[in-house]
Amino acid sequence: MNAAKDDATTLDIDGREVRVSHPGKLVFPEPGLTKLDLVNYYLAVADGALRGAADRPMVLKRFVKGIDREAFFQKRAPESRPSWIETTTLHYASGTSAEEVVVTDAAALAWVINLGCIDLNPHPVRAWDLDHPDELRVDLDPMPGVDWPQIVDVAFVVRDVLTDHGLVGWPKTSGSRGLHINVRIEPRWDYRAVRLAAEALAREVENRAPGLASAHWWKEERGESVFVDFNQNAKDRTVASAYSVRALPDARVSTPLGWDEVRTRRPEEFTVATVLQRFADQGDVAAGIDDAAGSLDALLALAERLGPAEKAPSAPDGSGRRRSSMPLVEIARAKTKEEAIAGLDAWRSRHPDVVASLEPADVLVDSMRGASSLWYRIRINLQHVPEALRPVQGPLEVDYDPWAGRG
């Protein structure tokens, strides 16, 4: 490691020089982690991190203004990059395309972290076959009011369904509240088939664990359940991969677990500091994932037996839009989560009688993907509010248009 000009450090990583700008910049104030600390973390766990992210095109989720500010999503590889950074061109369902970064080694890993990426967001395909995913991703997303034991119960139902259909699931903490279960598959099916298989899996989990798990796409219909998010397998979606640090104050890490650990460990246990020690002691517990690629034939046969999922009714105005089965009012559309929550607080202060009847899962906070960053929507499900007390839809407390000024 050599000091360079303009407050930068140059690392020699397997013969490649990687410049780390502002190495002393404090990224995580609570544990006192600097930018260089973050780079060194990824280098220390590179064997595991690359197992989840290597050779895959990656969306760069850049926190250039700090972890307490919204990240922006950069699909296109920076024009100014080392000659050894590989790229590949993805074609999206929207008709657009992007030349995306493909991380292949530890040096490339350090390079993307220096750009302000904190977590890694690879696509489920390899650069040499962009049309056929080699990973099915199960995202267990708890609704408000759901505690960790319920997530764990659903995870074991997922494992049973996978086993019954000839597949192996590899669990990891999401780094937030939920669990991910990654499934290596043979790269023989396109995105549409993989998503269909994931949806069939989710529906079967719901059938086996009614009330605990939900495959309902519309959030207001899930109640206090764990949503088995099959849409993470859609073509344009990415998920934080193994050993990704998440932008939470404690520098929490998305950490692979053995199935024997899932019931006894908790997400908050796994931070940069503890995962560094864990990795040094036992290496990557998911080291065998690439040797467990399976077939989707059985899940696709299940999808055929289950038949098409029930569709929501359309609105009566002829627009083709969905008509919710629940009484909903929209509260806010905001550029940041803080602004959205402020709008919710203002609405609550004006409707104390309504608030008294709400359950945790009745407050629906959605992070929506905009052109290059997230925006936030808040809706209220009035299902538990007596009809006489239900407010009608009024002007939004915060009314942000994420598409303003765009064609």
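Hydrogens, waters and symmetry mates play no part in the numbers below; they use all other heavy atoms, side chains included.
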| Of the options L328, V363, V355, L364, which is the one that meets I380 in a side chain to side chain contact (heavy atoms under 4.5 Å, CB included)? | V363
| query | Quick one: CZ on F270 to OG1 on T173, what's the gap to the nearest 0.5 Å? | reply | 6.5 Å
| said: Which heavy atom of D7 sits nearest to which heavy atom of P23, and what is that distance? | reply: O-CD, 3.4 Å
| task | Give a yes-or-no answer on whether the side chains of K75 and T96 include a donor-acceptor pair shorter than 3.5 Å. | result | no
| Are L162 and R159 side-chain neighbours, meaning at least one heavy-atom pair lies under 4.5 Å? | no
| Is it true that the side chains of K172 and S254 contain a donor and an acceptor less than 3.5 Å apart? | yes
| Would a distance-only check, ignoring hydrogens and angles, find a side-chain to backbone donor-acceptor pair under 3.5 Å from K35 to N114? | yes
| Between the main-chain N or O of V161 and the side-chain N or O of T163, is there a donor-acceptor pair closer than 3.5 Å? | no
| Are D37 and T34 linked by a side-chain donor-acceptor pair shorter than 3.5 Å? | yes
| request: For side-chain contact (heavy atoms from CB on, under 4.5 Å), just list the numbers for H91 and T89, CA-CA rounded to whole Å, side-chain angles, deciding distance to a tenth of an Å, and then say yes or no. | output: CA-CA 7 Å; H91 296 272; T89 300; 4.1 Å; yes
| query | What heavy-atom pair brings V64 and L115 nearest, and what distance separates the two atoms? | reply | CG1-O, 4.0 Å
| field | Residue pair N121 / F73, side-chain heavy-atom distance below 4.5 Å | value | no
| request: Could you tell me whether D284 and R51 have a side-chain N and a carboxylate O separated by less than 4.0 Å? | output: yes
| message | Is there a side-chain contact between F279 and P256 in this structure, where contact means two heavy atoms from C-beta onward sitting under 4.5 Å apart? | response | no
| Backbone N/O of V245 and side chain of Y42: donor-acceptor pair under 3.5 Å | yes
| request: Ignoring hydrogens and angles, tell me if any N or O in the side chain of D236 forms a donor-acceptor pair with the backbone of Y92 under 3.5 Å. | output: no
| task | Considering non-hydrogen atoms only, spot the tightest contact between L248 and F28 and give its length. | result | O-CE2, 3.1 Å
| Do D366 and K337 meet the salt-bridge criterion of a basic N to acidic O distance under 4.0 Å? | no
| field | Pair K219 + E224, salt bridge at N-O below 4.0 Å | value | no
| message | Strictly distance-based, threshold 3.5 Å: is any side-chain N or O of R177 a donor or acceptor partner for the main-chain N or O of P142? | response | yes
| query | Side chains of E100 and T88: is there a donor and an acceptor less than 3.5 Å apart? | reply | no
| note | Shortest non-hydrogen pair, V226 vs Q150, comes out as N-NE2, 3.9 Å
| query | For G258, does its backbone N or O pair with a side-chain atom of E261 as donor and acceptor, under 3.5 Å? | reply | yes
| In terms of side-chain geometry, is the basic nitrogen of R252 or D250 positioned less than 4.0 Å from the acidic oxygen of its partner? | yes
| query | If you count the non-hydrogen atoms of other residues, nucleotides and ligands that lie under 6.0 Å from CG in D290, is the total more than 12? | reply | yes
| said: So does R265 get a backbone contact from the side chain of W148, meaning a donor-acceptor N/O pair under 3.5 Å? | reply: yes
| request: Inspect the contact between R81 and E79 and indicate whether a charged nitrogen and a carboxylate oxygen are less than 4.0 angstrom apart. | output: no
| query | Between D134 and R56, does a salt bridge (charged side-chain N to carboxylate O under 4.0 Å, His left out) hold up when you go through it step by step? | reply | CA-CA 10 Å; D134 71 337; R56 302 181 185 278; 2.7 Å; yes
| said: With a 4.0 Å cut-off on N to O distance, would you call R263 and D153 a salt bridge? | reply: yes
| Within 45 degrees of the axis of the six-membered ring of F227 and under 6.0 Å from its centre: does R222 put its NZ or CZ there? | yes
| query | Below 4.0 angstrom, N of the basic side chain to O of the carboxylate: do R203 and E199 qualify? | reply | no
| message | Around atom CD of E304, are there more than 12 heavy atoms from other residues, nucleotides or ligands closer than 6.0 Å? | response | no
| field | Over all atoms of both residues, closest heavy-atom pair of V158 and L140 | value | CG2-CD2, 4.1 Å
| request: Taking the side chain as every heavy atom from C-beta outward, state whether D131 and V125 have any atom pair closer than 4.5 Å. | output: no
| Does any N or O in the side chain of S214 come within less than 3.5 Å of the main-chain N or O of G223, such that one atom is a donor and the other an acceptor? | no
| task | Considering non-hydrogen atoms only, spot the tightest contact between L136 and L201 and give its length. | result | CD2-CD2, 4.3 Å
| request: Apply side-chain contact (heavy atoms from CB on, under 4.5 Å) to the pair L276 and V272, showing each step before the final yes or no. | output: CA-CA 6 Å; L276 280 171; V272 165; 4.0 Å; yes
| field | Derivation of the side-chain contact (heavy atoms from CB on, under 4.5 Å) call for V18 and T10 | value | CA-CA 6 Å; V18 179; T10 299; over 6 Å; no
| query | side-chain contact (heavy atoms from CB on, under 4.5 Å) between K61 and T238: does it pass, once the steps are laid out? | reply | CA-CA 10 Å; K61 184 181 176 183; T238 60; over 6 Å; no
| task | May I ask you to decide whether R348 forms a salt bridge with D345, counting only side-chain N to carboxylate O separations under 4.0 Å? | result | yes
| Can you find a side-chain donor-acceptor pair between H384 and D362 that sits under 3.5 Å? | yes
| task | Look at the side chain of R62 and the backbone N and O of G116, then say whether any donor-acceptor pair between them is shorter than 3.5 Å. | result | no
| query | Is there a side-chain contact between Y376 and E70 (heavy atoms, below 4.5 Å)? | reply | yes
| field | Neighbour count >12 (heavy atoms, 6.0 Å) for atom CD, E387 | value | no
| field | Salt-bridge criterion met for R188 and E186 (N-O under 4.0 Å) | value | yes
| Electrostatic pair R16:D105 at N-O distance under 4.0 angstrom | yes
| task | Could you tell me whether a side-chain N or O of S241 sits under 3.5 Å from a main-chain N or O of G52, the two making a donor and an acceptor? | result | no
| query | Would D119 and R246 pass as an ion pair if we require N to O under 4.0 Å? | reply | yes
| said: Looking only at the side chains, is there a donor atom on one of T336 and E339 sitting less than 3.5 Å from an acceptor on the other? | reply: yes
| said: With no hydrogens and no angle check, just 3.5 Å: does a side-chain donor-acceptor pair link T87 and E99? | reply: yes
| query | With distance as the sole criterion, is a donor-acceptor pair present between the side chains of N233 and N231 under 3.5 Å? | reply | no
| query | Does one side chain, of D139 or Q232, offer a donor that lies under 3.5 Å from an acceptor on the other? | reply | yes
| message | A side-chain contact here means heavy atoms from C-beta on lying under 4.5 Å apart; do D47 and V45 qualify? | response | no
| request: Answer yes or no for R184 and W170: cation-pi contact, defined as NZ/CZ to six-membered ring centre under 6.0 Å and angle to ring axis within 45°. | output: no
| task | Could you label the plane-to-plane angle of the W217 and F230 rings as parallel, tilted or perpendicular, counting under 30° as parallel and over 60° as perpendicular? | result | tilted
| task | Determine whether W111 and P78 make a side-chain contact, defined as any pair of heavy atoms from C-beta on separated by less than 4.5 Å. | result | yes
